[in-house]
Amino acid sequence: MPDNLPPDAALAVTDLSFAIDGIRLIHPMGFKVRRGRRLVVLGPNGAGKSLLLRLCHGLLRPDTGQIHRNDHHPAGRRAHAMVFQTPVMLRRSVFDNVTHALAAIGVPVAQLKSRAVEALNRFGLIGLADRPARWLSGGEQQRLAIARAWALRPELLFLDEPSAALDPSATRSIEAMLGDLHAEGVTLMMSTHDLSQARRLADDVLFLASGSLVEAGEAQRFFNDPQTAQARAFIAGDLVW
Ligand SMILES: Nc1ncnc2c1ncn2[C@@H]1O[C@H](COP(=O)(O)OP(=O)(O)OP(=O)(O)O)[C@@H](O)[C@H]1O
Ligand SMILES: [Mg+2]
């Protein structure tokens, strides 16, 4: 574990900010993601949710601040993985999308097949294993993206709007999967602008608006007793920009 990561945290962020072309898109913020919890990043379109997740996963370099997380990837595992708002599928079969991700992290060839079968079974995709991944429906692709990330056995999983644009039954099935991952002890940090989903899933909430962290805390407290006018307006369904 990194020295500066508190023992109860899977991620700790201090003084984080980010700019593009001199425009500050993430204003200085700090927070922790508690180990084994489901942290939901809430906020209207353009609030900075996707940028924050990319920063936390290490895909973007912050301008200021530190992101402390476990970056020790044991053989055949990733400490952290990410599922994107729009699934990124390789021009290969469903099965090969998983084996390719596993091979990329050094899983031995002899284990690739069994690990991919395990992941596809786990997420109800084994029947589609030979199909080109890009032929799958949006909901199926999102499920494959989660299966592929799960196959990496991460302890911390970032998910950016994992059920945006899915129908209610696909959304339910994704939520059930996230519930199972949580029960297995995986720490989840996910964004959504779907308030009812956040109420169903969140243990903790980060509420962003215009690139600033406006409120952070336990979900029940956030929904029952929001502390800021912006959060109250958001919860009431009045969009804040
Ligand atoms: N590469 C970029 N160059 C310039 N501005 C950007 C870039 N990426 C994001 N932004 C801006 O940063 C802000 C935050 O974007 P972000 O994608 O994080 O929002 P979001 O909260 O995820 O929104 P949504 O709910 O629509 O997914 C937006 O105003 C966006 O226009
Ligand atoms: Mg986004």
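All values below were derived from every heavy atom in this structure, side-chain atoms included, with hydrogens, water molecules and symmetry-related copies excluded. None of these values were measured; they are calculated from a predicted model. Atoms within each ligand, like the ligands themselves, are counted from 1 in listed order. Note that the numbering runs from 1 along the sequence shown for the chain.
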| request: Indicate the ring-plane relationship of H73 and H80, choosing parallel, tilted or perpendicular according to the 30° and 60° boundaries. | output: tilted

| task | For R134, look at atom CZ and say whether over 12 heavy atoms of other residues, nucleotides or ligands are found less than 6.0 Å away. | result | yes

| message | Quick one about D15 and Q66 (side-chain donor to acceptor, distance below 3.5 Å, no hydrogens or angles considered), yes or no? | response | no

| request: Say whether Q227 and R232, considering side chains only, have a donor N or O and an acceptor N or O under 3.5 Å apart. | output: no

| message | Under a 3.5 Å threshold, yes or no: a donor from one side chain and an acceptor from the other, between Q141 and W135? | response | no

| Under 3.5 Å, is there a donor-acceptor pair between the Q197 and S163 side chains? | yes

| field | Distance-only side-chain donor-acceptor flag, S17 / D63, under 3.5 Å | value | no

| Can N97 and R148 be counted as having a side-chain donor-acceptor contact under 3.5 angstrom? | yes

| message | Ignoring hydrogens and geometry beyond distance, is a side-chain donor-acceptor pair present between D194 and T192 at under 3.5 Å? | response | no

| request: Mind listing the protein N/O/S atoms less than 2.8 Å away from the Mg ion (ligand 2)? Waters don't count. | output: S50 OG, Q85 OE1

| said: Residue by residue, ordered by chain and number, which ones reach under 4.0 Å of ligand 1 with a heavy atom? | reply: I20, L25, P44, N45, G46, A47, G48, K49, S50, L51, Q85, E161, H193

